[in-house]
Amino acid sequence: EGRRCEDGRCCDACSRNIFPKFATEDEVDLEKFPEMAALTFNNLETVATATILQFVRLVERVRRTIAHEYGLPLSYILPLQAYSRKYVAGKTQKGGGGGEGDHVIL
């Protein structure tokens, strides 16, 4: 399923990752959506609803573009985020991936 390279060799059309018209300037306007420049899932309670909705719209557009580009069913492309944790130097932080109660001191 999806696109296959000929004889194992990729061509310019194989994995297109440049879409100049993917989003309009209005859709990524940092004056309109200032939190978009540093959006993280750790502090969404401080982000304007309009910015969150715009981010979701763009993620969904990426998902649909990937499905179309590779000829895959939309249900195969899931909007998942890999887990990452922000550590702050000089702080004691609880958690960190090992299990409940783990502590990290940097």
Side-chain angles (χ1 to χ4, degrees):
E1 286 182 56
R3 186 189 327 233
R4 299 281 189 255
C5 298
E6 269 188 49
D7 300 322
R9 290 188 213 131
C10 290
C11 65
D12 291 342
C14 182
S15 282
R16 297 178 190 139
N17 57 14
I18 299 174
F19 294 93
K21 297 180 182 178
F22 179 77
T24 66
E25 288 189 30
D26 192 48
E27 291 174 315
V28 294
D29 183 352
L30 294 180
E31 288 184 22
K32 187 184 263 187
F33 306 109
E35 302 100 331
M36 192 83 79
L39 186 73
T40 72
F41 294 116
N42 296 329
N43 296 318
L44 283 180
E45 66 273 0
T46 64
V47 177
T49 302
T51 300
I52 295 169
L53 289 173
Q54 187 61 17
F55 178 79
V56 171
R57 284 184 193 108
L58 293 172
V59 168
E60 181 60 17
R61 189 174 302 158
V62 168
R63 193 170 86 88
R64 290 173 183 273
T65 300
I66 291 169
H68 174 77
E69 186 72 16
Y70 290 93
L72 298 169
L74 187 58
S75 62
Y76 282 27
I77 311 299
L78 303 175
L80 304 175
Q81 178 193 16
Y83 174 79
S84 64
R85 178 161 174 80
K86 177 182 169 188
Y87 289 104
V88 180
K91 303 281 184 180
T92 300
Q93 294 179 242
K94 202 172 178 182
E100 283 294 319
D102 288 352
H103 286 79
V104 174
I105 301 173
L106 300 176

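These numbers come from a predicted model, not from an experiment. Each residue takes its place number in the sequence, starting with 1.
- Note: Arg63 CZ to Leu74 CG = 3.5 Å, rounded to the nearest 0.5 Å.
- Residues passing the side-chain contact (heavy atoms from CB on, under 4.5 Å) test with Leu30, sequence neighbours excluded: Met36, Ala37.
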Under 3.5 Å, sequence neighbours excluded: what are the donor-acceptor pairs made by side chains of residues 46-55?
{"unit_1": "Thr46", "atom_1": "OG1", "unit_2": "Asn43", "atom_2": "O", "d": "2.8"}
{"unit_1": "Thr51", "atom_1": "OG1", "unit_2": "Glu35", "atom_2": "OE1", "d": "2.8"}
{"unit_1": "Gln54", "atom_1": "OE1", "unit_2": "Arg57", "atom_2": "NH1", "d": "3.0"}
{"unit_1": "Gln54", "atom_1": "NE2", "unit_2": "Glu27", "atom_2": "O", "d": "3.2"}

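- When all heavy atoms are compared, the tightest approach of Phe22 to Thr65 is CE1-OG1, 3.6 Å.
- The environment of CD in Glu45 is crowded: more than 12 heavy-atom neighbours from other residues, nucleotides or ligands sit within 6.0 Å.
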*Take Thr24 and Asp29 through the test side chain to side chain contact (heavy atoms under 4.5 Å, CB included) and record every step on the way to the result.*
CA-CA 9 Å; Thr24 66; Asp29 183 352; over 6 Å; no
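- Residues satisfying the side-chain contact (heavy atoms from CB on, under 4.5 Å) test with Ile66, not counting sequence neighbours, are Val62, Tyr70, Ile77.
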